[in-house]
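No experiment lies behind these values; they were computed from the predicted model shown.
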Amino acid sequence: MHELSIIYSVVSTVTKAVADQGGGQVISVRLRVGALAGVERDSLLFGYDLATQGTPLAGSVLEIEDVPVRIYCSSCACEQTLVGVQSFRCPVCGRPSGDFRSGRELAIESVEIETPQSEQAPC
Ligand SMILES: [Zn+2]
């Protein structure tokens, strides 16, 4: 499953980032996934639970932000957002376009980490 290898790479990137900043527990990871990235959201979520076991990401939440496909339409001379990925035509004038401006993203948008509080002795 190709989603699982993506998740493992996300987990290793985040694990390294946590170590770099001195440890902590990951609360959530937000991914930007384009409509054309070719990954299934359910498979990502399923793989996440497996891949995070025994890592600082265990128990954290994977949030997936869907990125719509945007094309540049030369007739309208502007970017248009496609409503689906069935046809790559400008939703305004109907002209086909292969000039994609977004929709292939697969990137870590943000990571929320709870850093351990340095505990002070009460007295
Ligand atoms: Zn157009």
Side-chain angles (χ1 to χ4, degrees):
M1 186 167 62
H2 134 92
E3 282 83 357
L4 201 54
S5 63
I6 293 166
I7 285 299
Y8 274 111
S9 113
V10 167
V11 169
S12 94
T13 303
V14 173
T15 301
K16 188 175 180 308
V18 170
D20 284 352
Q21 70 149 49
Q25 181 69 37
V26 176
I27 297 166
S28 65
V29 174
R30 194 170 175 85
L31 281 188
R32 279 169 64 80
V33 178
L36 294 178
V39 295
E40 276 182 45
R41 183 193 188 95
D42 287 351
S43 300
L44 288 176
L45 292 169
F46 175 75
Y48 192 75
D49 284 343
L50 286 174
T52 55
Q53 284 173 19
T55 75
L57 291 80
S60 66
V61 177
L62 179 66
E63 293 171 1
I64 296 176
E65 182 184 335
D66 295 309
V67 181
V69 182
R70 286 178 67 81
I71 54 164
Y72 180 80
C73 175
S74 51
S75 292
C76 300
C78 65
E79 284 185 21
Q80 306 287 358
T81 302
L82 298 189
V83 284
V85 294
Q86 309 309 321
S87 98
F88 301 124
R89 288 175 181 275
C90 171
V92 177
C93 69
R95 190 184 166 102
S97 171
D99 189 355
F100 299 106
R101 296 300 166 92
S102 77
R104 290 188 170 123
E105 291 84 348
L106 186 59
I108 300 171
E109 169 82 0
S110 62
V111 179
E112 198 184 339
I113 300 169
E114 190 178 66
T115 46
Q117 301 287 324
S118 50
E119 286 189 25
Q120 301 272 318
C123 56

Taking every non-hydrogen atom, the tightest pair across [X] and [Y]:
| X | Y | value |
| --- | --- | --- |
| H2 | G38 | NE2-O, 3.6 Å |
| P56 | G24 | CB-O, 3.8 Å |
| I64 | V33 | CG2-CG2, 3.8 Å |
| V67 | E105 | CG1-OE1, 3.5 Å |

Taking salt bridge (Lys or Arg N to Asp or Glu O under 4.0 Å) as the definition, give me every residue that meets it alongside [X], ordered by chain and number, with sequence neighbours left out.
| X | result |
| --- | --- |
| D42 | none |
| R41 | D66 |
| R32 | E65, E109 |
| E40 | none |

Report the distance from atom [atom1] of [X] to atom [atom2] of [Y], rounding to the nearest 0.5 Å.
| X | Y | atom1 | atom2 | answer |
| --- | --- | --- | --- | --- |
| I6 | L106 | CD1 | CG | 5.0 Å |
| S87 | L82 | OG | CG | 7.0 Å |
| F46 | I7 | CZ | CD1 | 11.5 Å |
| S28 | E63 | OG | CD | 4.5 Å |
| I108 | T13 | CD1 | OG1 | 4.5 Å |
| Q80 | C73 | CD | SG | 6.0 Å |

Keeping [X] on the side-chain end and [Y] on the backbone end, is there a donor-acceptor pair under 3.5 Å?
| X | Y | result |
| --- | --- | --- |
| S97 | Y72 | yes |
| S102 | P68 | yes |
| Q25 | A58 | yes |
| Q53 | A51 | no |

Residue pairs passing the ring-ring contact (aromatic ring centres under 6.0 Å, His included) test with at least one member in residues 75-94, sequence neighbours excluded, are F88-F100

Result for side chain to side chain contact (heavy atoms under 4.5 Å, CB included) between V26 and one of T52, V61, V111, V11 points to V111

Taken in chain and number order and not counting sequence neighbours, the residues that satisfy side-chain contact (heavy atoms from CB on, under 4.5 Å) with D49 are none

